[in-house]
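The analysis underlying the following values was restricted to heavy atoms, covering all of them including side chains, and did not include hydrogens, waters or symmetry mates. Along the sequence shown, the residues carry numbers beginning at 1. Read the numbers this way: they start at 1 and go in the same order the structure lists the ligands and their atoms.
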Amino acid sequence: MTTAERPATSPTAPAPLLDVRDLHVVFRTRDGIAHAVNGVSYRVEQGRTLAVLGESGSGKSVTAQAVMGILDTPPGEITSGEIRFHGRDLLTLPEKERRTLRGAQMAMVFQDALSALNPVLSVGDQIAEMFTVHRGMSTRQARERAVELMERVGIPAARERVRQYPHQFSGGMRQRIMIAMALALEPALVIADEPTTALDVTVQAQVMELLAQLQAELNTGLVLITHDLGVVADVADHIAVMYAGRIVESAPVHDLYRAPAHPYTRALLDSIPRLDRKGRSLHAIAGLPPNLTAIPPGCAFHPRCPLARAVCRTDEPPLYEVNSERGSACHFWRETLEGGTGHE
Ligand code: SF4
């Protein structure tokens with residue numbers, strides 16, 4: 001059994017921080033019903049990081065939006081499943097209670113800080129609002145906390161810059177401000193959706209390091225959503241790889257890098273530049289992700305898979321148990337696993 005696919009907790013075990021169970025989400029579009037999330041299960045424990053990896057349209061962000069309660073409904077609709085936070089199913093909570101949880105106990109870092117931040121409010125006011133609304137602090141106390149937080153996330157001259165507006169900061173600094181806002185109330189869970197995609201490589205590493213450092217200090221559970229396997233190696237404990245709305249591989253991070261148990265994961269690893277393989281060409285994954293209104297029968301990856309055989313076109317693979325911590329939704333996971341990668 002894996003972190004991404006486990007049965008319900010035993011009556012004596014403490015409930016995990018986040019426990020997503022068999023979640024299904026559809027979008028009703030003019031072209032038909034898009035099956036965006038098709039039976040996703042994963043868990044996040046306090047203080048641990050789960051990276052959810054996949055191409056655009058794999059369902060990773062839609063799952064996160066469902067967890068946070070910010071799915072666009074309609075056209076989106078959660079058709080079945082459970083999202084348990086500290087053991088309580090969020091899908092049965094009244095919207096008012098979910099709103100209270102957001103910010104205070106669950107927070108999100110978005111990809112594009114410029115559109116997520118309010119352009120007509122100073123960053124200080126936006127951070128301070130978290131403390132006035134959720135903690136009942138006075139404006140003065142809240143402003144002081146905002147300065148402290150800006151210092152903590154590495155904004156130089158925070159006391160002066162607290163009055164500035166989002167457009168007056170660089171992309172990296174804005175992302176730091178978003179992280180400050182997400183962690184302001186020391187939530188138990190943070191979901192970071194492609195938090196560094198819009199930044200250049202050096203700044204990406206700094207922002208990721210900051211996120212990992214604060215997460216460790218606050219013992220926060222972190223769901224890190226990314227399309228880039230390269231950014232998660234040093235920060236994640238466990239990886240769930242998504243394809244066509246399903247988790248196709250779930251494994252501890254180092255096991256997955258060393259030897260993937262799914263051809264799609266292998267293809268993702270082969271597309272990462274490696275210093276020890278200078279001069280060798282990178283492999284792009286052939287073909288395109290499937291249309292979610294017409295997901296191929298059998299294994300959804302079969303039109304792109306170099307190992308595909310007849311059974312792959314007819315029988316959908318379950319998430320096979322590779323060992324107690326790993327799962328792979330590939331009929332031929334043993335062969336794939338034996339291939340290794342040489343990534344350490
Ligand atoms: Fe490839 Fe078949 Fe495995 Fe799917 S089940 S990943 S098509 S080998």
Side-chain angles (χ1 to χ4, degrees), residues 1-6 22-25 34-42 50-63 225-230 232-233 236 238-272 281-343:
M1 294 281 163
T2 73
T3 299
E5 289 274 339
R6 276 182 193 159
D22 199 21
L23 187 72
H24 290 254
V25 181
H35 296 270
V37 178
N38 303 307
V40 164
S41 300
Y42 63 60
L50 171 73
V52 181
L53 184 91
E55 290 167 291
S56 170
S58 60
K60 56 194 193 306
S61 295
V62 174
T63 305
I225 297 167
T226 181
H227 67 278
D228 184 355
L229 249 179
V232 298
H238 199 96
I239 298 189
V241 181
M242 286 190 70
Y243 189 81
R246 292 185 70 206
I247 290 177
V248 294
E249 178 159 14
S250 164
V253 64
H254 295 296
D255 293 352
L256 182 135
Y257 272 82
R258 208 173 302 121
H262 194 283
Y264 178 58
T265 316
R266 171 179 294 281
L268 291 172
L269 283 165
D270 285 345
S271 64
I272 302 176
S281 54
L282 295 176
H283 296 280
I285 305 176
L288 293 171
N291 175 348
L292 296 175
T293 62
I295 295 176
C299 171
F301 188 56
H302 83 250
R304 305 171 78 186
C305 181
L307 297 185
R309 290 161 222 184
V311 66
C312 306
R313 295 179 191 98
T314 52
D315 295 8
E316 183 175 314
L319 195 77
Y320 293 105
E321 185 177 318
V322 173
N323 62 36
S324 61
E325 294 187 296
R326 298 191 70 165
S328 167
C330 172
H331 295 305
F332 303 101
W333 62 266
R334 281 192 179 81
E335 273 175 46
T336 314
L337 191 65
E338 280 159 14
T341 61
H343 281 265

Is the shortest side-chain N to carboxylate O distance from K60 to E55 below 4.0 Å? no
Determine, for R326 against E321, whether the closest basic-nitrogen to carboxylate-oxygen distance falls under 4.0 angstrom. no
Heavy-atom nearest pair, A261 first then S328, reads O-OG, 2.6 Å
2.8 Å shell around atom 3 (Fe) of ligand 1, exclusive bound, protein N/O/S atoms: 1
Would you say the side chain of P263 lies within less than 4.5 Å of the side chain of F301, judging by non-hydrogen atoms? yes
Nearest heavy-atom approach of A251 to H238 is N-NE2, 3.2 Å
Atom CZ of R334: over 12 foreign heavy atoms under 6.0 Å: no
